[in-house]
Amino acid sequence: MVVASPNSSLTTNSKPSAANTAAAAAARIPTIDLSCGTSNRQALSKLLVEASEKYGIFKLINHGIPQDCISRAEEEAMAFFAKPTAEKLAASPKSSPVDAGNTTRFGYGVNNIGHHGDIGEIEYLLLSSQPSLISQLSFSISQNPSKFSCALNDYIQATKNVACELLDLMAEGLGISDNSIFSRMILDSESDSLLRINHYRPLPDFIHPSPSNKLGFGEHSDPQIFAILRSNDIAGLQILLDDGLWIPVPPDPTAYYVMIGDLFQVFTNGRFGSLKHRATANIGPRSRMSMAFFASPSLDTWISPLPEMVTSDQPCIYRPFTWREYKTYIYSLTLAGSRLDSFKIRH
């Protein structure tokens, strides 16, 4: 099991050069071997909590998701993105932005991110984790709907299994008496978990690179519990350090990056902090594709700091709210808008 030194941090105090600083900070992202849990579960749970608390991100190796499962999902997604734009637009959401109280619009999207003017050099598929909803949407995505839905449902289930294993381990490491409190939220039949497949097409001017501030997906934190992300070997993901420096995260198609989201920050009463990140526009000749599983509770689940996370030294920071309430609120904001501050208790 590999993990960054407890004394290291993703904050920089000196800047010999931007490139050297970024490389040094990226090298300190913890790497955790999930297979080590069979021999020392307690040590693994402790490392997961330490990585989440200090960094808000960790790299997961030996995760157990079969390569064939990953490849089939990626092949189906790339086949869709290779279609003419008119055919892809047929998979765009047909419902209103708010459907039955749920602000998520499943299907194909391009450039527009959210409902408030955020744009990026990106196209994407947003899929529910519910097999029946993927099956319904597959008819507008693939000429072989059964093959598409089977590949994507298998991938989501495999990723969900890893998410639940991580959540149970993290609950143990946090000292929460009910170790399955988080995984039950994900396994709930009404879970709002989803899969987002982002495709960053090569820009037409990749020979003459675009300005460095051109983005594929702008600055944001994930509102869910956490995200489990993988990408191909094309770089693009960047994370924000405490001192305001953006650093690139080296791509590794054999591993996953787990990033803490807003709900985990609330559940742990601020002990974990959600991670600000973004994706740069793709100025190279090859496409970049990432697949992110977002672990979420059901819409009507109440969110608040867990009792074990509230002490006399660390009183309760956030008021109770439902995932539906929070989700509706963040959809009223721009991508980088301030979110959790509005849910803090004013002492």
With a 3.5 Å distance limit and no angle check, can you tell me whether [X] reaches the backbone of [Y] through a side-chain donor-acceptor pair?
X: Ser193; Y: Ser296; value: yes
X: Arg72; Y: Phe148; value: no
X: Glu76; Y: Ser71; value: no
X: Asp222; Y: Gln224; value: no
X: Ser138; Y: Ser135; value: yes
X: Asp262; Y: Val266; value: no

Side chains of [X] and [Y]: closer than 4.5 Å at any heavy-atom pair?
X: Pro285; Y: Pro202; result: no
X: Leu34; Y: Leu44; result: yes
X: Phe217; Y: Tyr200; result: yes
X: Met291; Y: Leu229; result: no
X: His277; Y: Met259; result: yes
X: Ile317; Y: Ile345; result: no
X: Ile134; Y: Ile156; result: yes

Polar side chain donor-acceptor pair, [X] to [Y], under 3.5 angstrom:
X: Asn62; Y: Asp33; answer: yes
X: Asn153; Y: Gln157; answer: no
X: Thr280; Y: Asn282; answer: no
X: Tyr318; Y: Gln265; answer: yes
X: Ser298; Y: Asp300; answer: no
X: Arg271; Y: Asn269; answer: no

Of all the heavy-atom pairs spanning [X] and [Y], show the shortest one and how long it is.
X: Phe293; Y: Ser129; answer: CE1-CB, 4.4 Å
X: Gly261; Y: Ser274; answer: C-CB, 3.4 Å
X: Ser304; Y: Phe267; answer: O-CD2, 3.4 Å
X: Glu308; Y: Gly175; answer: CG-O, 3.7 Å
X: Cys164; Y: Ile186; answer: SG-CB, 4.1 Å
X: Ser140; Y: Ala90; answer: CB-O, 3.8 Å

> What do the steps show when you test Ser146 against Asn144 for side chain to side chain donor-acceptor pair (under 3.5 Å), and what is the final call?
Replying inline: CA-CA 6 Å; Ser146 177; Asn144 191 335; 4.9 Å; no
> Who pairs with Asp188 by salt bridge (charged side-chain N to carboxylate O under 4.0 Å, His left out), at least two apart in sequence or on another chain?
Replying inline: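 Salt bridge (charged side-chain N to carboxylate O under 4.0 Å, His left out) check on Asp188 returns nothing, list empty.
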>> Quick one, Ile61 with Ile32, criterion side chain to side chain contact (heavy atoms under 4.5 Å, CB included). Give me CA distance, side-chain angles, the key distance, then yes/no.
In response: CA-CA 6 Å; Ile61 61 173; Ile32 295 181; over 6 Å; no
Should we say atom [atom1] of [X] is surrounded by more than 12 heavy atoms from elsewhere, each under 6.0 Å from it?
X: Lys46; atom1: NZ; result: no
X: Gln42; atom1: CD; result: no
X: Glu87; atom1: CD; result: yes
X: Gln143; atom1: CD; result: no
X: Lys83; atom1: NZ; result: yes

>> Angle between ring planes, His63 versus Tyr256, binned at 30° and 60°: parallel, tilted or perpendicular?
In response: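 Plane angle over 60°, so perpendicular.
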Would you say the ring centroid of [X] lies under 6.0 angstrom from that of [Y]?
X: Tyr108; Y: Phe80; answer: yes
X: Phe182; Y: Phe264; answer: yes
X: Phe343; Y: Tyr329; answer: yes

> Can you list the steps and then say if His199 with Ser287 is a side chain to side chain donor-acceptor pair (under 3.5 Å)?
Replying inline: CA-CA 7 Å; His199 183 228; Ser287 293; 3.0 Å; yes
> Stepwise, does the side chain to side chain contact (heavy atoms under 4.5 Å, CB included) test hold for Ile197 with Ser290?
Replying inline: CA-CA 6 Å; Ile197 307 175; Ser290 66; over 6 Å; no
>> Using the rule given for salt bridge (charged side-chain N to carboxylate O under 4.0 Å, His left out), can you reason through Glu325 versus Arg319, listing the C-alpha separation, both sets of side-chain angles and the distance that settles it, and then say yes or no?
In response: CA-CA 12 Å; Glu325 179 187 359; Arg319 67 169 178 83; 2.8 Å; yes
If I take atom [atom1] from residue [X] and atom [atom2] from residue [Y], how far apart are they, to the nearest 0.5 angstrom?
X: Ser180; Y: Leu187; atom1: OG; atom2: CG; answer: 9.0 Å
X: Ser92; Y: Leu126; atom1: OG; atom2: CG; answer: 12.0 Å
X: Met185; Y: Leu167; atom1: CE; atom2: CG; answer: 9.0 Å
X: Ser45; Y: Met170; atom1: OG; atom2: CE; answer: 10.5 Å
X: Leu174; Y: Leu48; atom1: CG; atom2: CG; answer: 10.0 Å
X: Phe106; Y: Leu127; atom1: CZ; atom2: CG; answer: 8.0 Å

Cationic N near anionic O, under 4.0 Å, [X] to [Y]:
X: Glu121; Y: Arg201; result: no
X: Asp233; Y: Arg288; result: no
X: Lys327; Y: Asp192; result: yes
X: Glu219; Y: Arg278; result: no

With a 4.5 Å cut-off on side-chain heavy-atom distances among I, L, V, M, F, W and Y, is there a chain of contacts connecting [X] to [Y]?
X: Leu195; Y: Met78; value: yes
X: Ile181; Y: Val49; value: yes
X: Ile234; Y: Phe81; value: no

> Going through the distances and angles, do Ile65 and Asn161 end up as a side chain to side chain contact (heavy atoms under 4.5 Å, CB included)?
Replying inline: CA-CA 9 Å; Ile65 299 177; Asn161 291 342; over 6 Å; no
>> Show, in sequence, the C-alpha distance, side-chain angles and deciding distance for Tyr326 and Ile303, and conclude whether the side chain to side chain contact (heavy atoms under 4.5 Å, CB included) test is met.
In response: CA-CA 9 Å; Tyr326 187 61; Ile303 312 298; over 6 Å; no
> Is the cationic atom of Arg230 (NZ for Lys, CZ for Arg) positioned less than 6.0 Å from the six-membered ring centroid of Tyr257 and within 45 degrees of its normal?
Replying inline: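 No, Arg230 does not lie over the aromatic ring of Tyr257.
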